[in-house]
Each structure stands twice: as C-alpha cells, then as structure tokens.
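Written out below as structure tokens is the structure these notes cover.
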Amino acid sequence: MIKMPLTPNVPQYWEFLYEKGRDDWDLGEATPALLDFFEHPACPKAGKVLVPAAGKGWDAEAWAKRGHDVVAVDFCSSAFDALEKLSEVNNNLTVLNTDVFLLNPRKAKQFEIIYDYFGFNSVHPGRRDEYVDMWRRMLKDDGFLIGFFCPLCSEKYGEIPPYSISGKELEARFKGIFEIMEKIAPENSAMDRAGTNRAGREEIWLLRKIV
C-alpha cells in the first residue's frame with residue numbers, strides 16, 4: 001500500500017494526487033474567471049508574466065495566447081510534463097521545473113506581472129510568508145500581482161490543499177509589501193471536478209508592489 005506523503009512541500013505529494021485522480025483543481029482548460037478578467041479594465045495590458053505553481057498550465061497558456069511572454073513553474077513531474085507539451089506549441093511560453101521557493105531574480109529575472117491561482121492556498125500555511133516574499137523578490141517595482149484566492153473563507157476547508165484563508169489574514173500578510181488596488185468577485189466561477197462550486201469562495205485581488 002502506497003502512503004500519501006505528509007506535506008505539500010515535496011513534489012511527491014502532488015504526484016500522488018495526480019496519480020490517484022485527486023487533482024480536482026485541474027479543470028482541463030483555462031479558468032473561466034481568468035478569461036473574464038482579461039476583459040476587465042484593471043487587467044494589465046502588457047508585461048512579462050510569472051505563473052508559480054502552474055499545474056498543467058492551462059492558465060499560463062491563456063496568458064501566452066493573450067500575447068504575454070510567460071514563465072510557468074512547477075516541480076511535480078506530471079504537471080511539468082504537461083507544461084512542456086504546451087510550451088512546444090506556444091513560442092512565448094517558457095517552463096521551469098523547480099521549487100517556487102527557490103526562484104531567484106538573478107537567474108529568472110523579475111516580472112511585470114505575477115499570476116497566482118491556487119498556488120498561495122496550496123502551500124503549507126506555515127510557509128505563507130515565504131511565498132509572499134517570493135512574490136516580492138520576483139516582481140519588479142510597481143509590478144502587479146494578480147491573486148485568485150480560493151477558498152477565501154474563515155471555516156476549515158478539507159484535509160488537503162487548497163487550504164482556506166481569510167481576507168483579514170491576507171491584508172495582514174500584505175501590509176507594507178503590496179498595495180491592494182482592487183478586489184473582484186468573479187461572475188463566472190467554475191465547478192471543480194469534485195463538484196464543488198467556487199462561487200462565493202473566491203476573489204481576484206489586484207495588488208501592486210510597494211517600492
């Protein structure tokens with residue numbers, strides 16, 4: 001009997017979920033709420049995009065098809081294999097097989113935009129400040145962070161990632177690092193493969209790095 005790895009800090013944890021078909025977050029297509037956000041006046045029109053914890057890359061590909069140069073990152077073999085296939089048919093999509101906590105601007109340079117969906121909610125809650133710091137160092141001054149936070153709620157949400165988070169906690173973690181420009185409640189939230197509707201549990205936060 002194969003036991004599930006204990007922590008989402010290691011790629012084997014995510015590989016286990018993919019192998020067992022427990023990757024309910026993967027819609028098999030770009031997130032509908034992201035495609036709607038592309039039409040929102042607040043969505044940046046240009047800029048190089050970093051997509052940490054990109055999974056199989058449907059949203060990273062959507063940014064690339066919009067015309068952005070995109071770097072998508074994941075350390076799980078199943079996810080990275082899918083990312084590589086997408087990069088072969090999208091010239092402006094580059095992929096990295098690495099732990100997002102190890103991202104360094106001296107090697108990957110900095111970005112005008114960071115897009116994060118499920119990444120923040122999926123890391124172990126004890127590493128959230130580290131994750132925010134990764135955003136800070138990888139984003140250019142006055143760059144934009146687009147965070148899709150789900151589930152955004154106060155109650156406990158399952159035994160495995162994504163872990164829930166409250167708006168108050170986000171505001172506390174971002175203080176002095178990111179300015180909250182806008183919060184958007186998607187009108188086109190998806191139903192994941194487990195049958196859970198994300199409506200009312202997710203928000204898009206547009207943030208700008210404080211110089």
How far does CG of Leu103 sit from OG1 of Thr98, to the nearest 0.5 angstrom?
-> 6.0 Å
Answer yes when Glu88 and Lys85 have at least one side-chain N-carboxylate O distance shorter than 4.0 Å, and no when they do not.
-> no
Determine whether Phe38 and Phe144 fall in the same hydrophobic cluster, where Ile, Leu, Val, Met, Phe, Trp and Tyr are linked whenever their side-chain heavy atoms lie under 4.5 Å apart.
-> yes
Are the side chain of Asn90 and the backbone of Asn92 linked by a donor-acceptor contact shorter than 3.5 Å?
-> no
Are the side chains of Val100 and Tyr131 in touch, meaning some heavy atoms are under 4.5 Å apart?
-> yes
In terms of hydrophobic clusters joined by side-chain contacts under 4.5 Å, are Met181 and Leu34 together?
-> yes
Just wondering, do Pro161 and Val123 contact through their side chains at under 4.5 Å, heavy atoms?
-> no
Only residue of Val49, Asp69, Leu86 satisfying side chain to side chain contact (heavy atoms under 4.5 Å, CB included) with Leu93 is Leu86
Between Gly167 and Leu152, what is the shortest heavy-atom contact and its length?
-> N-CD1, 3.7 Å
Mind listing the closest non-hydrogen atom pair of Pro105 and Gln110 along with its distance?
-> CB-CG, 3.7 Å
Is atom CG of Asn91 surrounded by more than 12 heavy atoms (other residues, nucleotides or ligands) closer than 6.0 Å?
-> no
Looking only at heavy atoms, what is the nearest atom pair of Pro151 and Asn121, with distance?
-> O-ND2, 3.5 Å
Below 4.0 angstrom, N of the basic side chain to O of the carboxylate: do Asp133 and Arg137 qualify?
-> yes
Kindly compute the distance separating SG (Cys76) from CG (Asp99), expressed to the nearest 0.5 Å.
-> 12.0 Å
Ile210 and Ile180: same hydrophobic cluster, using ILVMFWY side-chain contacts below 4.5 Å?
-> no
Would you find a donor on one side and an acceptor on the other, under 3.5 Å apart, between the side chain of Asp116 and the backbone of Val51?
-> no
Any idea how Trp205 and Phe149 line up, ring-wise: parallel (<30°), tilted (30 to 60°), or perpendicular (>60°)?
-> perpendicular
Minimal heavy-atom distance between Leu50 and Pro52, with the atoms involved, is O-CD, 3.5 Å
Residues in ring pair (Phe, Tyr, Trp, His ring centres under 6.0 Å) contact with Trp25, at least two apart in sequence or another chain | Trp14, Tyr18
Can you tell me how far the CG atom of Leu207 sits from the CG atom of Leu145, to the nearest 0.5 Å?
-> 5.0 Å
SG-CZ distance between Cys43 and Phe37, expressed to the nearest 0.5 angstrom = 4.5 Å
Phe75 and Leu96: CA distance, side-chain angles, deciding distance, side chain to side chain contact (heavy atoms under 4.5 Å, CB included) verdict = CA-CA 8 Å; Phe75 67 173; Leu96 291 177; over 6 Å; no
So, does Glu29 use its side chain to make a donor-acceptor pair with the main chain of Trp58 at under 3.5 Å?
-> no
Donor-acceptor under 3.5 Å (His68 side chain, Val70 main chain) = no
Look at atom NZ of Lys45 and say whether more than 12 heavy atoms of other residues, nucleotides or ligands are closer to it than 6.0 Å.
-> yes
Locate the shortest heavy-atom distance separating Pro162 from Phe118; write the atom from each residue and the value.
-> CG-CE2, 3.3 Å
Closest contact, heavy atoms only, Val73 versus Leu83 | C-CD1, 4.5 Å
Applying ring pair (Phe, Tyr, Trp, His ring centres under 6.0 Å), name anything that partners Tyr117, two or more places apart in sequence or on another chain.
-> Phe148
Six-ring centre of Phe101, Arg127 cation under 6.0 angstrom, axis tolerance 45° = yes
Between atom CD1 of Ile113 and atom NZ of Lys140, what is the distance when rounded to the nearest 0.5 Å?
-> 11.0 Å
Asp142 with Lys209: basic N within carboxylate O range, under 4.0 Å = no
CD1-CD distance between Ile184 and Glu202, expressed to the nearest 0.5 angstrom | 11.5 Å
Are the side chain of Asn188 and the backbone of Ala33 linked by a donor-acceptor contact shorter than 3.5 Å?
-> no
Whether Asn97 side chain and Phe80 backbone form a donor-acceptor pair below 3.5 Å = no
Can you list every pair that meets side-chain hydrogen bond (donor to acceptor under 3.5 Å, both in side chains) and has a residue in residues 171-186, with sequence neighbours left out?
-> Asp129-Arg173, Glu169-Arg173, Glu171-Lys183, Glu179-Arg208
Hey, is the main chain of Lys48 close enough, under 3.5 Å, to the side chain of Glu112 for a donor-acceptor pair?
-> yes
Is any side-chain heavy atom of Thr94 less than 4.5 Å from a side-chain heavy atom of Ser87?
-> no
